[in-house]
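This structure is a prediction, so every number in the text was calculated from the model and none was measured.
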Amino acid sequence: MSTKYELFYDLAYELAEFAYRHDEVPVGAVIIKDNTHEVVSSSYNQMKSNKSSLDHAEILALRLAMSRLGNERLNGCSMISTLEPCPMCAQAISFARLSNLIFSAEDPKSGGVLHGPKIFESSSCHHKPNVIRVNDNDKSKNLLQKFFKSKRKKG
(Lines give C-alpha, C1' and ligand atoms only; values in the text may rest on other atoms or scores of the structure.)
Protein backbone atom coordinates (compact mmCIF):
# COMPACT_ATOMS: atom_id res chain seq x y z
CA MET A 1 0.00 0.00 0.00
CA SER A 2 1.40 3.35 -0.92
CA THR A 3 -0.99 6.17 -0.10
CA LYS A 4 -1.04 9.25 2.08
CA TYR A 5 -3.21 7.20 4.46
CA GLU A 6 -0.70 4.38 4.95
CA LEU A 7 0.47 5.39 8.43
CA PHE A 8 -3.11 5.85 9.59
CA TYR A 9 -4.12 2.51 8.12
CA ASP A 10 -1.24 0.92 10.04
CA LEU A 11 -2.65 2.43 13.25
CA ALA A 12 -6.15 1.16 12.40
CA TYR A 13 -4.70 -2.31 11.78
CA GLU A 14 -2.85 -2.24 15.12
CA LEU A 15 -6.18 -1.43 16.79
CA ALA A 16 -7.79 -4.36 14.96
CA GLU A 17 -5.05 -6.64 16.26
CA PHE A 18 -5.64 -5.28 19.77
CA ALA A 19 -9.34 -6.06 19.42
CA TYR A 20 -8.46 -9.58 18.26
CA ARG A 21 -6.29 -10.15 21.33
CA HIS A 22 -9.21 -9.02 23.51
CA ASP A 23 -11.69 -11.38 21.83
CA GLU A 24 -13.47 -8.62 19.92
CA VAL A 25 -14.20 -8.70 16.18
CA PRO A 26 -10.92 -7.29 14.85
CA VAL A 27 -11.79 -3.93 13.35
CA GLY A 28 -9.96 -0.66 13.91
CA ALA A 29 -10.84 2.89 12.85
CA VAL A 30 -8.94 6.18 12.86
CA ILE A 31 -10.24 9.70 12.15
CA ILE A 32 -7.85 12.38 10.95
CA LYS A 33 -8.08 16.06 10.04
CA ASP A 34 -7.58 16.35 6.30
CA ASN A 35 -5.57 19.58 6.35
CA THR A 36 -3.07 18.63 9.08
CA HIS A 37 -3.27 14.81 9.02
CA GLU A 38 -3.57 14.98 12.81
CA VAL A 39 -5.23 11.97 14.44
CA VAL A 40 -8.44 13.20 16.06
CA SER A 41 -9.62 9.84 17.38
CA SER A 42 -9.17 6.12 17.04
CA SER A 43 -10.93 3.05 18.32
CA TYR A 44 -11.60 -0.64 17.88
CA ASN A 45 -14.67 -2.84 18.23
CA GLN A 46 -15.77 -3.04 21.85
CA MET A 47 -19.18 -4.66 21.60
CA LYS A 48 -18.37 -7.59 23.86
CA SER A 49 -16.40 -5.69 26.50
CA ASN A 50 -18.97 -2.84 26.65
CA LYS A 51 -21.94 -5.20 26.26
CA SER A 52 -23.32 -3.02 23.48
CA SER A 53 -24.00 -4.08 19.90
CA LEU A 54 -23.60 -0.41 18.95
CA ASP A 55 -19.95 -0.16 19.95
CA HIS A 56 -18.38 -0.70 16.54
CA ALA A 57 -14.94 0.82 15.98
CA GLU A 58 -16.36 3.42 13.59
CA ILE A 59 -19.13 4.57 15.95
CA LEU A 60 -16.74 4.88 18.89
CA ALA A 61 -14.21 6.81 16.78
CA LEU A 62 -16.97 9.15 15.54
CA ARG A 63 -18.25 9.84 19.07
CA LEU A 64 -14.76 10.58 20.36
CA ALA A 65 -13.91 12.85 17.40
CA MET A 66 -17.15 14.83 17.82
CA SER A 67 -16.46 15.23 21.53
CA ARG A 68 -12.86 16.33 20.99
CA LEU A 69 -13.76 18.78 18.21
CA GLY A 70 -16.91 20.01 19.94
CA ASN A 71 -19.07 19.53 16.88
CA GLU A 72 -21.59 16.97 15.64
CA ARG A 73 -20.21 17.40 12.11
CA LEU A 74 -16.74 16.26 11.11
CA ASN A 75 -16.33 18.28 7.92
CA GLY A 76 -12.71 18.24 6.82
CA CYS A 77 -12.04 14.89 8.46
CA SER A 78 -11.50 11.40 7.05
CA MET A 79 -11.96 7.93 8.51
CA ILE A 80 -9.60 5.03 7.87
CA SER A 81 -11.06 1.63 8.76
CA THR A 82 -9.83 -1.92 8.35
CA LEU A 83 -13.27 -3.13 7.21
CA GLU A 84 -16.06 -1.87 4.99
CA PRO A 85 -18.50 -0.23 7.41
CA CYS A 86 -21.82 -1.91 8.13
CA PRO A 87 -25.06 -0.05 7.27
CA MET A 88 -25.30 1.47 10.78
CA CYS A 89 -21.76 2.82 10.62
CA ALA A 90 -22.10 3.97 7.02
CA GLN A 91 -25.18 6.01 7.91
CA ALA A 92 -23.39 7.49 10.93
CA ILE A 93 -20.45 8.42 8.67
CA SER A 94 -22.90 10.19 6.36
CA PHE A 95 -24.55 12.04 9.27
CA ALA A 96 -21.11 13.12 10.52
CA ARG A 97 -20.27 14.59 7.10
CA LEU A 98 -16.81 12.98 6.83
CA SER A 99 -14.94 14.00 3.68
CA ASN A 100 -13.38 10.60 2.98
CA LEU A 101 -13.87 6.99 3.98
CA ILE A 102 -10.84 4.80 3.42
CA PHE A 103 -11.05 1.06 4.10
CA SER A 104 -9.32 -2.17 3.17
CA ALA A 105 -11.37 -5.37 3.59
CA GLU A 106 -14.71 -5.62 1.82
CA ASP A 107 -17.62 -7.15 3.71
CA PRO A 108 -19.91 -8.94 1.20
CA LYS A 109 -22.11 -10.31 4.00
CA SER A 110 -22.64 -7.31 6.29
CA GLY A 111 -21.17 -4.29 4.50
CA GLY A 112 -23.18 -1.17 3.88
CA VAL A 113 -21.01 0.73 1.39
CA LEU A 114 -20.09 -1.52 -1.55
CA HIS A 115 -22.43 -4.32 -0.50
CA GLY A 116 -25.87 -4.74 1.04
CA PRO A 117 -27.94 -1.56 1.12
CA LYS A 118 -25.12 0.62 -0.28
CA ILE A 119 -26.06 3.46 2.07
CA PHE A 120 -24.24 6.20 0.16
CA GLU A 121 -26.25 5.41 -2.99
CA SER A 122 -29.61 5.64 -1.19
CA SER A 123 -31.91 8.58 -1.88
CA SER A 124 -32.19 9.05 1.90
CA CYS A 125 -28.43 9.65 2.19
CA HIS A 126 -27.79 13.38 2.45
CA HIS A 127 -24.00 13.28 2.37
CA LYS A 128 -21.71 10.88 0.54
CA PRO A 129 -18.03 10.85 1.47
CA ASN A 130 -15.39 10.08 -1.10
CA VAL A 131 -14.85 6.31 -0.77
CA ILE A 132 -11.33 4.96 -1.22
CA ARG A 133 -10.58 1.25 -1.08
CA VAL A 134 -6.96 0.48 -0.20
CA ASN A 135 -5.11 -2.75 -0.83
CA ASP A 136 -3.52 -4.14 2.32
CA ASN A 137 -2.65 -7.49 0.71
CA ASP A 138 -5.57 -9.07 2.60
CA LYS A 139 -4.08 -8.44 6.07
CA SER A 140 -7.41 -7.24 7.49
CA LYS A 141 -9.40 -9.92 5.69
CA ASN A 142 -7.05 -12.65 6.96
CA LEU A 143 -7.25 -11.35 10.55
CA LEU A 144 -11.04 -11.39 10.41
CA GLN A 145 -11.08 -14.90 8.94
CA LYS A 146 -8.68 -16.11 11.64
CA PHE A 147 -10.94 -14.63 14.32
CA PHE A 148 -14.15 -16.21 13.01
CA LYS A 149 -12.43 -19.53 12.36
CA SER A 150 -11.34 -19.64 16.01
CA LYS A 151 -14.94 -18.96 17.06
CA ARG A 152 -16.27 -21.85 14.95
CA LYS A 153 -13.73 -24.22 16.53
CA LYS A 154 -14.88 -23.27 20.05
CA GLY A 155 -18.48 -23.42 18.92
Side-chain angles (χ1 to χ4, degrees), residues 1 3-6 8-13 15-16 19-20 24-145 147-148 151:
M1 174 188 333
T3 71
K4 63 183 176 180
Y5 301 107
E6 186 171 359
F8 306 109
Y9 171 77
D10 289 346
L11 174 57
Y13 185 78
L15 290 162
Y20 177 87
E24 296 278 1
V25 176
V27 177
V30 176
I31 295 178
I32 62 168
K33 286 185 180 179
D34 294 329
N35 58 347
T36 62
H37 292 123
E38 169 191 352
V39 173
V40 177
S41 67
S42 61
S43 196
Y44 57 93
N45 275 2
Q46 296 175 49
M47 296 180 300
K48 189 173 181 178
S49 60
N50 292 348
K51 295 177 180 34
S52 171
S53 59
L54 302 176
D55 285 354
H56 292 199
E58 299 92 337
I59 297 294
L60 294 171
L62 286 167
R63 283 184 184 155
L64 184 56
M66 290 171 189
S67 175
R68 286 182 174 164
L69 296 176
N71 198 326
E72 75 279 9
R73 302 283 189 239
L74 298 175
N75 302 65
C77 292
S78 296
M79 176 182 284
I80 299 91
S81 179
T82 58
L83 180 65
E84 173 184 355
C86 73
M88 173 183 71
C89 293
Q91 192 66 64
I93 288 165
S94 174
F95 289 155
R97 305 291 195 263
L98 287 172
S99 302
N100 299 291
L101 168 64
I102 301 95
F103 67 89
S104 52
E106 290 187 24
D107 190 350
K109 183 177 178 187
S110 301
V113 177
L114 302 179
H115 300 90
K118 299 179 182 177
I119 295 298
F120 302 142
E121 295 177 22
S122 169
S123 61
S124 66
C125 181
H126 300 294
H127 172 78
K128 178 182 178 179
N130 182 36
V131 175
I132 302 166
R133 173 115 194 298
V134 295
N135 179 0
D136 73 346
N137 296 315
D138 292 333
K139 277 178 28 176
S140 295
K141 177 182 172 182
N142 292 339
L143 184 62
L144 285 156
Q145 287 175 339
F147 176 82
F148 287 112
K151 294 298 170 194

Can you tell me if [X] uses its side chain to pair, donor with acceptor, with the backbone of [Y] under 3.5 Å?
{"X": "Glu24", "Y": "Ser49", "answer": "yes"}
{"X": "Glu84", "Y": "Asp107", "answer": "yes"}
{"X": "Asp136", "Y": "Ser104", "answer": "no"}
{"X": "His126", "Y": "Ser123", "answer": "no"}
{"X": "Asp55", "Y": "Asn50", "answer": "no"}
{"X": "Ser43", "Y": "Ala61", "answer": "no"}
{"X": "Asp138", "Y": "Lys141", "answer": "no"}
{"X": "His127", "Y": "Phe95", "answer": "no"}
{"X": "Asn137", "Y": "Lys139", "answer": "no"}

Are [X] and [Y] packed together at the side-chain level, in the sense that at least one heavy-atom pair is separated by less than 4.5 angstrom?
{"X": "Lys33", "Y": "Leu69", "result": "yes"}
{"X": "Arg97", "Y": "Glu72", "result": "no"}
{"X": "Val27", "Y": "Tyr44", "result": "no"}
{"X": "Leu62", "Y": "Ile93", "result": "yes"}
{"X": "Phe8", "Y": "Ile31", "result": "no"}
{"X": "Pro85", "Y": "Leu101", "result": "yes"}
{"X": "Ser94", "Y": "Lys128", "result": "no"}
{"X": "Phe148", "Y": "Val25", "result": "yes"}

Let me confirm one number: the [atom1]-[atom2] distance from [X] to [Y], rounded to the nearest 0.5 Å.
{"X": "Ile32", "Y": "Ser42", "atom1": "CD1", "atom2": "OG", "result": "12.0 Å"}
{"X": "Leu60", "Y": "Leu54", "atom1": "CG", "atom2": "CG", "result": "9.5 Å"}
{"X": "Phe120", "Y": "Asn130", "atom1": "CZ", "atom2": "CG", "result": "10.5 Å"}
{"X": "Ser67", "Y": "Arg63", "atom1": "OG", "atom2": "CZ", "result": "11.0 Å"}
{"X": "Gln46", "Y": "Ser52", "atom1": "CD", "atom2": "OG", "result": "10.0 Å"}

Let me have the donor-acceptor pairs involving side chains of residues 74-81, under 3.5 Å, with sequence neighbours excluded, atom names and distances please.
from  : atom 1 : to     : atom 2 : distance (Å)
Ser78 : OG     : Asp34  : OD1    : 2.4
Ser78 : OG     : Asn100 : ND2    : 2.9
Ser81 : OG     : Glu58  : OE2    : 3.4
Ser81 : OG     : Leu83  : N      : 3.3
Ser81 : OG     : Leu83  : O      : 3.1

message: Would you say Ser140 and Tyr9 are linked by a side-chain donor-acceptor pair, where the criterion is simply a distance under 3.5 Å?
response: yes
- request: Using the side-chain contact (heavy atoms from CB on, under 4.5 Å) rule, pick out the option among Ile132, Leu114, Val134 that qualifies with Phe103.
  value: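 Passing option: Leu114.
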